[in-house]
Amino acid sequence: MKFQVVNIGLIISLIINFTISFMFVSLFTNDAVSGVGITLLIFICSIGILYTPIGDWWYRRVVFNLREPAEAEKRRLMPIYNEIYRRALSVSPHLSRDIKIFIYDDNDINAFAIGLRTIAVHRGMLVNNIYDNEIAAILGHEFAHIANGDTFCTILAFQSNVIVSVFRTIFSFLMMVTAKIIAFCAALFFETARGAENAFTAVDACVRGISWLIDKVVLILVYISVIIAQYSRRQHELAADSYSAKLGYGQPMIHFFQRFEGVDITSNMLSISHLLYGTHPSMQIRISNLQNSINSNVTEQWR
């Protein structure tokens, strides 16, 4: 694994999430140094374990319920996989020698890399009319995600989002309880039941309003973090396509995209939905990027 420039977006997302978490933690600490230390400890303990073999086991068995390829699947898949692994190691000598391939029982035509040593192929890749060189191109793309450090940084960004979500939930609960306590104390200052009831309602609404406002400010920061992270992930895809082209599978990848370009569901590149949830550029952009990569590789070979 090595760090790539396209991972900067995910690092920025991590920093934003760390800052949000620090803001929550600082509410219960006496000084900024303690707040930073506690926040850092939370991040290290909750994220660090995912960089151990436990992390890959967690993704393989618990999150995605992946399985080992069956014998028939091995006969077709493993020669392709071993050849791509060999080529990837020649391009990226730092690559782990312990990357395993699994099957995801889904009829989609897809594959993904997760953790630090896991590549999964959807069953649909093997039962539909997908050519071997197209499978090779896609596997080269997935090796790139591990070799380029994409999965490493994705774990950071994703788990930091989880931490922020937990803090938001805890904060909302504490603010709800605080609102009731403050409202009850305010009601004690009024002698009449009507006055106490009005005071309770007004104070409760005021504290809840402050809580709502704080949560929305945090939510805006979360959205900014997500938009930056998703942009970075889309750049990962282009870089991974180029990596596969460098392995010699640029044309098969282009052929694959052209065959399925008609079912490309990538939304408007500037839409809010795409900015927040779009993980891949459009196939047209990817085909153009691949063609540029192929031309660049040819130019380098002739130098």
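The shown structure was predicted, so the numbers you read here are calculated from the model rather than taken from an experiment.
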Study note, to complete from the structure: Exactly one of Leu219, Thr39, Leu221 clears side chain to side chain contact (heavy atoms under 4.5 Å, CB included) with Ile20, and that residue is Leu221

Revision key, fill the gap. Side chain to side chain contact (heavy atoms under 4.5 Å, CB included) with Phe143: of Ile99, Leu89, Val91, only one passes, and it is Ile99

Looking at [Y], is its backbone amide N or carbonyl O close enough to the side chain of [X] to form a donor-acceptor pair, meaning the two atoms are under 3.5 Å apart?
X: Glu142; Y: Ile119; answer: no
X: Asp106; Y: Asp108; answer: yes
X: His255; Y: Glu134; answer: no
X: Tyr81; Y: Ala136; answer: no
X: Ser242; Y: Leu238; answer: yes
X: Thr169; Y: Ser165; answer: yes
X: Ser92; Y: Leu95; answer: no
X: Ser172; Y: Arg168; answer: yes
X: Thr118; Y: Gly115; answer: no
X: Ser225; Y: Ile16; answer: no

Do [X] and [Y] come close enough that some side-chain heavy atom pair is under 4.5 Å?
X: Tyr249; Y: Ile84; result: yes
X: Ile103; Y: Leu77; result: yes
X: Phe256; Y: Ile130; result: yes
X: Asp105; Y: Leu66; result: no
X: Leu139; Y: Ile101; result: yes
X: Leu156; Y: Tyr51; result: yes
X: Leu50; Y: Leu116; result: no
X: Gln235; Y: Gln230; result: no

Applying the 4.5 Å side-chain criterion to the ILVMFWY set and letting contacts propagate, would [X] and [Y] be lumped into a single cluster?
X: Tyr223; Y: Met23; answer: no
X: Ile214; Y: Val217; answer: no
X: Tyr131; Y: Ile294; answer: no
X: Leu40; Y: Ile155; answer: yes
X: Ile170; Y: Leu213; answer: no

Regarding [X] and [Y], is there a side-chain donor-to-acceptor distance under 3.5 Å anywhere?
X: Ser34; Y: Asp31; answer: yes
X: Ser293; Y: Tyr243; answer: no
X: Ser96; Y: Arg117; answer: no
X: Asn107; Y: His122; answer: no

Separation between [atom1] of [X] and [atom2] of [Y], rounded to the nearest 0.5 Å:
X: Ile38; Y: Ser26; atom1: CD1; atom2: OG; answer: 10.0 Å
X: Ile42; Y: Ile47; atom1: CD1; atom2: CD1; answer: 10.5 Å
X: Ile227; Y: Ser232; atom1: CD1; atom2: OG; answer: 13.5 Å
X: Ile12; Y: Ile228; atom1: CD1; atom2: CD1; answer: 5.5 Å
X: Asn17; Y: Phe167; atom1: CG; atom2: CZ; answer: 11.5 Å
X: Met283; Y: Ile254; atom1: CE; atom2: CD1; answer: 13.0 Å

Is the number of heavy atoms from other residues, nucleotides or ligands under 6.0 Å of [X] [atom1] greater than 12?
X: Leu174; atom1: CG; answer: yes
X: Arg194; atom1: CZ; answer: no
X: Phe64; atom1: CZ; answer: yes
X: Phe184; atom1: CZ; answer: no

Exercise for review: Output, in order, the C-alpha distance, side-chain angles, deciding distance and verdict of side-chain contact (heavy atoms from CB on, under 4.5 Å) for Phe257 and Leu290.
Suggested key: CA-CA 10 Å; Phe257 287 149; Leu290 276 165; 3.6 Å; yes

Practice item. Applying side-chain contact (heavy atoms from CB on, under 4.5 Å), run through Glu237 and His145 and close with a yes or a no. Key: CA-CA 8 Å; Glu237 299 305 319; His145 284 313; 3.4 Å; yes

Of the non-hydrogen atoms in [X] and [Y], which two are nearest, and what is the gap between them?
X: Met175; Y: Ser211; value: CB-OG, 3.3 Å
X: Tyr85; Y: Asp98; value: OH-N, 3.3 Å
X: Phe200; Y: Ala187; value: CB-CB, 4.2 Å
X: Ser21; Y: Val164; value: OG-CG2, 3.7 Å
X: Ala137; Y: Met253; value: O-CE, 3.3 Å
X: Gly124; Y: Ile109; value: O-CG1, 4.0 Å

Taking the inter-plane angle between the rings of [X] and [Y] on a 0 to 90° scale, is it parallel (under 30°), tilted (30 to 60°) or perpendicular (over 60°)?
X: Phe24; Y: Phe171; result: tilted
X: Phe112; Y: Tyr104; result: perpendicular
X: Phe43; Y: Phe18; result: perpendicular

Are the charged groups of [X] and [Y] less than 4.0 angstrom apart, N to O?
X: Asp132; Y: Arg76; value: yes
X: Glu83; Y: Arg87; value: yes
X: Arg123; Y: Glu73; value: no

Practice item. Check step by step if side chain to side chain donor-acceptor pair (under 3.5 Å) holds for His141 and Asp241. Key: CA-CA 6 Å; His141 174 101; Asp241 287 346; 2.7 Å; yes

Point to revise | Phe152/Ile146 under side-chain contact (heavy atoms from CB on, under 4.5 Å): CA gap, chis, key distance, verdict | key: CA-CA 7 Å; Phe152 181 94; Ile146 298 177; over 6 Å; no

Exercise for review: Could you check Phe158 against Leu14 for side-chain contact (heavy atoms from CB on, under 4.5 Å), going step by step and ending with a plain yes or no?
Suggested key: CA-CA 9 Å; Phe158 179 79; Leu14 171 67; over 6 Å; no

Exercise for review: Report the residues that fulfil salt bridge (charged side-chain N to carboxylate O under 4.0 Å, His left out) with Asp204, sequence neighbours left out, ordered by chain and then residue number.
Suggested key: Lys180, Arg208

